[in-house]
Participant: 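Quick one: the structure is below, questions incoming.
Start at 1 and go down the list; that is how both ligands and their atoms are numbered. Please read all numbers here as calculations on a predicted model, not as lab measurements.
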Amino acid sequence: MSPSDDVVNRISPLAISSDDFRSAAHRLVDRVADFLDRLPASPVTRGESPSAVREAMDAARPLPREGAPLAALVDRAATLLFDHSLFNGHPRFWGYVTSSPAPIGMLGEFLASAVNANCGAWLLSPMASEIEAQTVRWVAEMLGYPTGCGGLFVSGGNMANIVCFLAARAAKAGSDIRTAGVGGTRLRVYCSSETHTWIQKAADISGLGTDSIRWIPADGEFRINLEALRTRVREDIEAGDKPFLVIANAGTVSTGAVDPLSRLAVLCREFNLWLHVDGAYGALAAAVPASAALFAGLGEADSIAVDPHKWLYAPLEAGCALTRDISSLRGAFAYHPPYYHFGVEATNYFDLGPQNSRGFRALKVWLALQQVGREGYAQMISGDIRLARSMYERIAAFPQLQALSHGLSITTFRYVPSDLDRMDNNVTNYLNDLNCELLTRLQQGGEAYVSNAIIGGKYALRACIVNFRTTLQDVHDLLPLVVRIGGELDAQMRPAHPRPA
Ligand SMILES: *Cc1c(COP(=O)(O)O)cnc(C)c1O
């Protein structure tokens with residue numbers, strides 16, 4: 001049987017002429033540039049229902065049997081996304097910890113996918129692997145972490161923290177836990193009650209179980225209570241448990257609090273514990289001279305997780321896991337199967353983390369770090385912090401608003417009708433309901449976007465500014481908007497509510 005024409009003169013349905021590629025790509029670039037221009041005057045989100053979004057994109061449509069022309073498909077995809085998305089690149093988007101994406105990062109993603117380097121092994125990605133290694137060193141340098149550290153890019157903060165958690169587990173278990181499993185070893189991990197939910201996933205998927213987490217209370221500034229920590233570690237040792245890991249927050253997700261890193265490092269040395277810093281959101285603020293003192297001791301950590309898709313403004317996804325010693329990553333992840341013989345003296349990233357094939361996440365970060373340099377980043381991060389502080393201070397000008405916290409670039413506050421006593425516990429439930437509903441209205445309205453936090457039992461609106469597009473005017477416009485929506489809602493909700501008189 002002779003090969004048919006379609007493989008002799010290969011006619012592949014996916015292949016297109018370079019002219020077609022060029023014209024479709026140029027058109028897309030034009031549309032993206034227009035989209036970025038229009039963004040500040042567009043809604044942050046349309047607040048549509050899932051069914052409206054499904055209808056817009058013809059969700060029930062079966063898989064097409066045959067193909068369609070590329071240019072029209074790309075065009076339709078752009079229209080659907082521009083018309084039905086929430087834009088974290090909008091100057092008034094301050095929800096969660098999600099940054100505005102850097103344009104150079106968009107170009108980096110495009111280029112990375114064109115070369116399609118597989119950063120699992122050096123031989124498959126010679127230049128890309130070296131760029132990743134340099135980017136890891138530069139990120140470490142920005143944090144003030146030893147640049148001889150090990151590190152790699154992963155999908156985000158959760159994975160970066162989990163990778164470091166597994167490195168700590170392998171290093172500190174005191175047995176060959178990778179071969180024998182957790183068995184009866186009662187490993188214990190310590191973190192403040194403000195710690196992000198990744199710790200539960202880490203304890204769960206690592207086989208330790210979430211009961212192994214010792215939640216230590218936080219102080220009035222949302223930082224871990226050191227005395228409570230010390231007491232709990234001692235008690236656990238006496239009970240025959242095996243403490244192995246302390247997690248320090250460098251920028252908690254709710255309020256931006258930074259745990260006392262130097263003192264935690266001392267405690268960890270005393271008890272031979274691994275010190276991991278969750279700096280997913282906040283650690284990069286160490287590069288800002290005005291906040292550097294908060295991060296003293298960061299360099300002593302055994303590992304750090306940091307999220308370039310937060311304060312380096314990389315488009316999603318980009319997380320980065322760093323360990324003081326690269327051998328602890330190998331010690332947690334390397335295996336040498338017979339089908340890999342790479343034989344070069346270089347870092348093969350599949351040895352350092354859970355992934356095998358790996359995309360080239362570092363490129364967009366590497367480009368942006370060079371576009372603006374350390375100084376450019378320090379300026380933008382410091383700008384975000386100053387804007388959050390300005391929001392916090394300006395809240396005082398509105399009698400109906402109560403500021404609740406400010407840390408790094410996070411400000412929390414709530415709406416309190418002027419005739420209600422904010423100290424009265426009887427109105428707490430009503431204020432929580434009112435602010436929860438206020439948040440929903442605000443989010444759906446599309447004029448500005450914040451998320452929520454619970455601050456000492458109070459439901460709060462939370463603005464986290466990780467957004468180099470935000471201006472002082474944007475920040476100031478939020479507050480009258482909240483006052484207006486709050487007033488409207490109070491008029492509707494109070495008569496029906498059982499609590500406040
Ligand atoms: C965002 C965040 C995480 C999770 O990071 P992802 O990138 O969303 O996976 C973990 N810890 C802290 C402190 C964070 O701010």
Participant: With atoms numbered from 1 as shown, which atoms in ligand 1 lie under 4.0 angstrom from a non-hydrogen atom of Asn158?
Facilitator: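 Ligand 1 atoms under the 4.0 Å threshold to Asn158: 4 (C), 5 (O), 6 (P), 9 (O).
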Participant: Any idea which atoms of ligand 1 are less than 4.0 Å away from a heavy-atom of Gly251?
Facilitator: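 Taking each heavy atom of Gly251 in turn, ligand 1 has 13 (C) under 4.0 Å.
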Participant: Closer than 4.0 Å to some heavy atom of Lys310 - which atoms of ligand 1 meet that?
Facilitator: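 So the atoms of ligand 1 that pass are 1 (C), 2 (C), 3 (C), 4 (C), 5 (O), 14 (C), 15 (O).
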Participant: By number and element, which atoms of ligand 1 are closer than 4.0 Å to a non-hydrogen atom of Ala280?
Facilitator: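 Going through ligand 1 atom by atom, the ones under 4.0 Å from Ala280 are 2 (C), 3 (C), 10 (C), 11 (N), 12 (C), 14 (C).
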Participant: Below 4.0 angstrom from a heavy atom of His309, which ligand 1 atoms are there? Numbered from 1 as shown, please.
Facilitator: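 Within the 4.0 Å cut-off of His309, ligand 1 contributes 7 (O).
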Participant: Please report which non-hydrogen protein atom sits nearest to atom 5 (O) of ligand 1, along with the residue it belongs to and the distance in Å to one decimal place.
Facilitator: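 Residue, atom and distance for the closest contact: Gly157 CA, 3.1 Å.
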Participant: Say you draw a straight line from CZ of Arg469 to CG of Leu36; how long is it, rounded to the nearest 0.5 Å?
Facilitator: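 Answer for the CZ-CG pair, Arg469 versus Leu36, is 5.5 Å.
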Participant: What atoms in ligand 1 come closer than 4.0 Å to a heavy atom of Tyr281?
Facilitator: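 In order of numbering, the contacting atoms are 15 (O).
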Participant: Determine whether the side chains of Arg223 and Thr252 contain a donor N or O and an acceptor N or O closer than 3.5 Å.
Facilitator: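 Checked: Arg223/Thr252 side chains show no N/O donor-acceptor pair below 3.5 Å.
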Participant: Which atoms of ligand 1 are found less than 4.0 Å from any heavy atom of Asp307?
Facilitator: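 Contacts of ligand 1 toward Asp307, numbered from 1: 5 (O), 6 (P), 7 (O).
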Participant: Looking only at protein heavy atoms, identify the closest one to atom 11 (N) of ligand 1 and say how far it is in Å.
Facilitator: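 Here the closest protein heavy atom is Asp278 OD2, 2.7 Å.
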Participant: Under a 4.5 Å cut-off applied to non-hydrogen side-chain atoms, are Leu478 and Arg92 in contact?
Facilitator: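 Answer no - side chains too far apart.
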Participant: Test side-chain hydrogen bond (donor to acceptor under 3.5 Å, both in side chains) on Asp325 and Ser327; report intermediate values, then the result.
Facilitator: CA-CA 5 Å; Asp325 188 346; Ser327 66; 3.1 Å; yes
Participant: Is Gly156 close to ligand 1, meaning an N/O of one under 3.5 Å from an N/O of the other?
Facilitator: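 In fact, backbone or side chain, Gly156 has no N or O that close.
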Participant: I'd like to check whether Asn249 has a polar contact with ligand 1, where a contact means an N/O of the residue lying under 3.5 Å from an N/O of the ligand.
Facilitator: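 Between Asn249 and ligand 1 (N or O atoms, distance only) the closest approach is not under 3.5 Å.
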Participant: Which residue holds the protein heavy atom closest to atom 10 (C) of ligand 1, what is that atom called, and what is the gap in Å?
Facilitator: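 The protein heavy atom lying closest is His196 CG, 3.4 Å.
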Participant: Whether the Ser409 and Asp384 side chains hold a donor-acceptor pair (N or O, under 3.5 Å, no angle test) is what I'd like checked.
Facilitator: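 Asp384 and Ser409 do not have a side-chain donor-acceptor pair below 3.5 Å.
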Participant: Taking everything shown except Gln379 itself, do over 12 heavy atoms lie less than 6.0 Å from its CD?
Facilitator: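 Atom CD in Gln379 is not packed in, count stays at 12 or less.
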Participant: Using distance alone, with no hydrogens and no angle criterion, decide if Trp122 and Glu130 have a side-chain donor and acceptor under 3.5 Å apart.
Facilitator: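 Short answer, yes.
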Participant: Is it possible for you to check whether Arg178 lies under 6.0 Å from the centre of the six-membered ring of Tyr335, through NZ or CZ, and within 45° of that ring's axis?
Facilitator: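 Yes; both conditions hold, so Arg178 lies above the ring face of Tyr335.
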